[in-house]
Structure formats: C-alpha cells, structure tokens
*Asks:* 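Mind looking over this structure? Questions follow.
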Amino acid sequence: MPEGDTIHRIARRMGKDLVGRSLTALAVQEVGAVPELEGASVEKVEARGKHLLVHFERGWSLRVHLGMKGRWRRTPASPGGGRHAASRASAYLTAGPFAWTCAGAYQVELVRTGHLSAHPRLSRLGPDLLAPSPDIAAMVRRASFPGHRDRAVATCIMDQTVASGLGNVYKSEVLFLEGIHPALPVHALAQNDMEKVFETAHKLMTDNLSRRRRETVPLTLRPWANSPRLWVYRREGDPCLRCRTAVARLVQEGRSTYFCPSCQRRDQGQRTGTRE
DNA sequence: AGACGATGCGGAC
DNA sequence: TCCGCCTCGTCTT
C-alpha cells in the first residue's frame with residue numbers, strides 16, 4: 001500500500017508516538033546502533049511524497065523509502081530495548097511506550113538534517129500532492145516540460161519529479177474520474193484537464209489519510225459490504241461501476257493501468273476548453 | 001504447497 | 001522499454 005497517502009498516515013501516527021520523547025533505541029540497517037544519537041529527542045516526523053523523514057536533535061535525520069515491499073509496524077516497546085527485533089530490521093526506533101520497526105525497506109539512511117535540501121532523491125521531487133494546498137500550477141508546469149509532454153498522461157503523473165506521492169492505484173483511479181484515456185499524451189490535454197487531474201488526486205489522497213483502507217468510491221455508491229472500493233484498479237473484466245462496460249487493462253512502461261474503454265475515450269483529445 | 005502478482009524504483013539494454 | 005528485486009498476501013492445486 002505504500003503510496004503517498006500511506007506514508008503520510010504513518011508519519012502522522014509515528015509523530016504522535018515519538019515527537020518530544022527521547023530515543024531509548026535506534027538501529028539503522030547497515031549502520032547498526034548509533035551511539036551519537038543515544039537519548040536524543042525526536043523533533044519531527046514528516047512525509048515528503050513517498051519518503052518518510054524522522055528528524056532528531058543533534059542534526060540528524062532518518063530517511064526511509066519503503067519501495068514496494070517495505071512495511072512499518074508499531075508495537076509496545078520491549079523491555080530489552082528490542083535488540084533482537086532491531087538486528088534484522090531495516091530500521092528500528094523506540095521513544096516512549098511504542099517501538100516502530102521497519103522491514104523490507106528499499107532505502108534507509110541517516111543523513112545530516114542540513115544536507116536534506118541537497119539530497120539527490122528529495123531535491124528532485126515535484127510538489128507533494130498531500131500538502132494542505134499543493135502547488136498545482138507547478139505540477140502542470142513540470143508536466144509540460146519537453147521530457148514529459150509527449151509521454152502518456154498515466155506515466156507522466158506517476159513521475160515523482162512532476163508531482164510526488166501518486167502511485168499506481170491513484171494513477172488509474174484519477175484518470176477514470178476525469179474521463180481521460182491513460183494513453184493520451186500530455187500535450188493532447190487542455191491545461192485545465194491537467195489541473196483537474198492533480199486536484200482530484202489531492203482530494204482522493206487527502207480523504208484517505210483518515211481511513212484504514214484506501215477507497216475512492218463513496219460509501220453511498222456501495223450498496224453491499226463487498227462492493228468494490230475502487231472504481232477500476234485491479235478490476236479487469238469486471239463491469240465499470242458507471243456504465244457496466246468491462247474494465248480494461250493496459251501495460252505502460254511495465255505497470256498496469258486499469259480504465260473503462262467507454263468512459264475514457266482516446267478521441268476525447270478534443271476536450272472542453274482550450275487546447276494548449 | 002506452490003504460483004502469481006504487487007503498492008516502486010533504478011539500472012541495463 | 002524491460003527486468004530484477006527475494007517480500008508477502010492471495011489464489012489455485
């Protein structure tokens with residue numbers, strides 16, 4: 001589940017547990033225990049796109065990217081300081097009554113807080129879709145750069161240097177809601193359509209921050225307990241929830257995109273409003 | 001029990 | 001554009 005909404009949800013919960021408390025355990029894969037941070041207090045936990053940052057006093061920050069397989073787990077702090085759990089974890093930290101253990105992460109590192117702005121991964125991120133009022137104009141501008149405007153809109157909006165936090169589930173869901181065929185190149189869309197794509201992404205993702213399970217179909221449109229929670233994602237062959245046409249799947253740059261061939265037409269390149 | 005596919009990313013071609 | 005990652009939940013045998 002690690003798209004931006006998942007990471008932001010974790011950051012919020014982790015912050016409530018850890019901020020203002022002193023570390024009683026910290027271990028980072030490949031680094032091991034960190035004597036310099038013994039007893040240091042946790043100043044802030046934040047998410048930037050799909051990256052999680054934990055800032056400590058004394059000028060250090062932990063950066064974690066879960067990739068596809070990474071997980072965070074929250075458990076009661078163990079009396080022994082969790083040395084055993086820490087030994088094989090990607091990252092392990094305790095401050096106060098709860099311990100946070102990360103397994104299977106794609107990248108974990110301790111970075112000097114002052115160097116974060118120049119970090120090769122973080123510095124290239126586009127504006128975060130989960131900011132309270134994200135910079136939509138900047139996202140649209142980035143999507144119109146030479147390297148992006150000729151790409152399929154589906155792959156473009158997944159690019160973390162255009163906008164950060166959006167992943168494969170929202171990619172399909174947002175384009176369905178906006179009625180845009182995923183294979184259309186960015187330059188075939190009106191600027192207004194791109195704005196709506198990012199605005200809808202922001203809304204869907206923000207709404208899901210407070211939910212346990214990600215969903216995009218409103219509860220009022222889900223008559224049964226097992227009604228689909230997502231419009232099209234992973235629903236290949238099943239009826240579109242709006243028009244009953246079979247949901248189709250397209251592989252773009254190795255990733256599946258799900259869409260409704262009736263609701264999202266290729267020839268809707270002639271869309272409302274001005275064409276770029 | 002085993003096969004399959006996945007939420008993400010980067011490197012190889 | 002494609003593949004590998006060696007992990008885990010879900011579905012099939």
*Asks:* When you measure from the side-chain N and O atoms of A:Tyr258 to the phosphate of B:dA6, is any distance below 4.0 Å, counting only OP1 and OP2?
*Replies:* yes

*Asks:* In whole Å, what is the span from the CG atom of A:Leu166 to the C1' atom of B:dC9?
*Replies:* 15 Å

*Asks:* May I ask you to say what A:Gln160 touches in the nucleic acid, namely base, sugar-phosphate or nothing, with a heavy-atom cut-off under 4.0 Å?
*Replies:* sugar-phosphate

*Asks:* Looking at B:dG8, I'd like to know if its phosphate oxygens (OP1 or OP2) sit under 4.0 Å from a side-chain N or O belonging to A:His65.
*Replies:* no

*Asks:* Can you measure A:Lys171 atom NZ to B:dG8 atom C1' for me and round it to whole angstrom units?
*Replies:* 11 Å

*Asks:* Could you pull out all residues at least two apart from A:Arg73 that satisfy salt bridge (charged side-chain N to carboxylate O under 4.0 Å, His left out)?
*Replies:* none

*Asks:* Rounded to whole angstroms, how far apart are CZ on A:Arg214 and P on B:dA6?
*Replies:* 15 Å

*Asks:* Give the nucleotide from the list B:dG8, C:dT1, B:dG5 with an atom nearest to the side chain of A:Met158.
*Replies:* B:dG8

*Asks:* Please state how far atom CD in A:Glu253 lies from atom C1' in B:dG8, giving the value in whole angstrom units.
*Replies:* 13 Å

*Asks:* Using the side-chain contact (heavy atoms from CB on, under 4.5 Å) rule, take A:Cys243 and A:Cys260 through it: C-alpha gap first, then chi angles, then the decisive distance, then the call.
*Replies:* CA-CA 9 Å; A:Cys243 75; A:Cys260 170; 3.6 Å; yes

*Asks:* Using a 4.0 Å heavy-atom cut-off, does A:Tyr170 contact any base of the nucleic acid, only the sugar-phosphate backbone, or nothing at all?
*Replies:* nothing

*Asks:* How is A:Gly254 classified with respect to the nucleic acid when contacts are heavy atoms under 4.0 Å: base, sugar-phosphate, or nothing?
*Replies:* nothing

*Asks:* Measure from NZ on A:Lys69 to C1' on B:dG5 and round the result to the nearest Å.
*Replies:* 12 Å

*Asks:* Can a cation-pi geometry be assigned to A:Arg242 and A:Trp231, taking NZ or CZ under 6.0 Å from the six-membered ring centre and within 45° of the ring axis?
*Replies:* yes

*Asks:* Once you round it to whole Å, what is the distance between C1' of B:dG10 and CZ of A:Arg124?
*Replies:* 11 Å

*Asks:* For C:dC3 and B:dC4, measure between their P atoms and round to the nearest Å.
*Replies:* 16 Å

*Asks:* Taking A:Arg9 for its side chain and A:Asn208 for its backbone only, find out whether a donor-acceptor pair lies under 3.5 Å.
*Replies:* yes

*Asks:* Under 4.0 Å, heavy atoms only, any strand: does A:Arg121 hit a base, just the sugar-phosphate, or nothing?
*Replies:* sugar-phosphate

*Asks:* Can you tell me how far C1' of C:dC8 sits from CZ of A:Arg73, to the nearest Å?
*Replies:* 13 Å

*Asks:* Under 4.0 Å, heavy atoms only, any strand: does A:Gly104 hit a base, just the sugar-phosphate, or nothing?
*Replies:* nothing

*Asks:* Considering just the side-chain nitrogens and oxygens of A:Arg255, establish if one lies under 4.0 Å of OP1 or OP2 belonging to B:dG8.
*Replies:* yes

*Asks:* Who passes salt bridge (charged side-chain N to carboxylate O under 4.0 Å, His left out) against A:Glu109, sequence neighbours left out?
*Replies:* A:Arg63

*Asks:* Which nucleotide in the set B:dA6, B:dG10, B:dG8 lies at the smallest distance from any side-chain heavy atom of A:Tyr106?
*Replies:* B:dG10

*Asks:* A:Glu3 CD to B:dC9 P: how many Å, rounded?
*Replies:* 10 Å

